[in-house]
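A short write-up of the structure that comes next.
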Number of protein chains: 2
Amino acid sequence: MKDQEKHIFYRDVQDALDLMRGRWRGAIMASLCGDPKRFLELKADLSPVTSRVLIKELRFLEQNKLITVKRSISAENSVLYAHTEHGSSCGPIILQLRDWAVKHRVIMLESIRGK
Amino acid sequence: MKDQEKHIFYRDVQDALDLMRGRWRGAIMASLCGDPKRFLELKADLSPVTSRVLIKELRFLEQNKLITVKRSISAENSVLYAHTEHGSSCGPIILQLRDWAVKHRVIMLESIRGK
DNA sequence: CGGAATCCCCGACGATACTG
DNA sequence: CAGTATCGTCGGGGATTCCG
């Protein structure tokens, strides 16, 4: 692998992680696996996230076409957040990463106890 | 899924992403797939990372038992960084995430061109 | 209910220089 | 070669308050 290719490769990895970056972004994507959710449902799920931060992350994900936003203009205020088709395809990957991290925690705990 | 379980779940997702968090951590893990590497090899691969930041991330990964550090006391200075067994098992996941992000970029570019 | 506005802190990250 | 030491910035993210 040439130097040029390497840097492209690592940049791609960085780009990938950027999409899931920060304290909440990945958790939001995980939370939207399954049914669409409303703003306060998300906020409750991810508590203790604040409105300000949550809306910022939602906007980011929307701009990156990972989620869609549906506003019901009728009657009471209601906004539904859902995965786009492509957004939902990262669900399984996040689950894998989570499983891996759980295994990792077990290993860490064993090494502490083993001492 | 109860509220309690939910929060555990999302916390696990956060923990997982934390291990790959920041500008370099994921790229370092990707870079160590395959052969072990020396400090300056890593630095060159990941350029333009600085020594200060690189060593900090390497120490983090070492403490979390995702990489090992082998110092050859003999002759010339030489330090080899390599995946632990468990560390290497996240390689495939990172690759998946990367592939997903590359697809994502294509979608984003299409939507811009399409406008 | 679903946000927007404001204020603020601190830790990640970079630049640069130096060392055993 | 493989780091340390020092300094500075910048923005992510929390707390709080207010709005249609």
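Naming: A, B, ... by sequence-line order, numbering from 1 per chain.
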OP1 or OP2 of [N] sitting under 4.0 Å from any side-chain N/O of [X]?
| X | N | answer |
| --- | --- | --- |
| B:R38 | D:dA2 | yes |
| A:R71 | C:dG3 | yes |
| A:R21 | D:dG12 | no |
| B:R59 | D:dT4 | yes |

How close or far is atom [atom2] of [N] from atom [atom1] of [X], stated in whole angstroms?
| X | N | atom1 | atom2 | result |
| --- | --- | --- | --- | --- |
| A:K43 | C:dA4 | NZ | C1' | 14 Å |
| A:N77 | C:dA4 | CG | C1' | 14 Å |
| B:L80 | D:dA2 | CG | P | 8 Å |
| B:R23 | D:dG11 | CZ | C1' | 14 Å |
| B:F60 | C:dG11 | CZ | P | 15 Å |
| A:I55 | D:dC19 | CD1 | C1' | 14 Å |
| B:Q14 | D:dG13 | CD | P | 10 Å |
| A:L54 | C:dA4 | CG | P | 11 Å |

### Task
Find the distance between CD1 (A:I93) and CD (B:Q96) and round it off to the nearest 0.5 Å.
5.0 Å

### Message
Return the OH to OG distance between A:Y10 and B:S31, rounded to the nearest 0.5 Å.
### Response
3.5 Å

### Query
Do the ring planes of A:H104 and B:H86 sit parallel (below 30°), tilted (30 to 60°) or perpendicular (above 60°)?
parallel

### Task
Have a look at B:E41 and say if it touches a base, only the backbone sugar-phosphate, or nothing, with a 4.0 Å heavy-atom cut-off.
nothing

### Query
Contact class for B:Y81 vs. all strands (heavy atom < 4.0 Å): base, sugar-phosphate, or nothing?
sugar-phosphate

Looking only at side-chain atoms of [X], point me to the closest of [options].
| X | options | result |
| --- | --- | --- |
| B:V79 | C:dC1, C:dA12, D:dA2 | D:dA2 |
| A:F39 | D:dG13, C:dG3, D:dT4 | C:dG3 |
| B:S78 | C:dG2, C:dG14, D:dA2 | D:dA2 |

### Message
Please check if the number of heavy atoms outside A:K37 that lie under 6.0 Å from its NZ is greater than 12.
### Response
yes

### Summary
Note: for A:S51 and B:G22 on DNA chain C, the residue whose nearest nucleotide lies more 5' is A:S51

### Query
Between the base of C:dT16 and the side chain of B:R52, is there a donor-acceptor distance below 3.5 Å?
no

### Message
Using the rule side-chain contact (heavy atoms from CB on, under 4.5 Å), only one of B:I28, B:I55, B:L54 pairs with B:V49; which is it?
### Response
B:L54

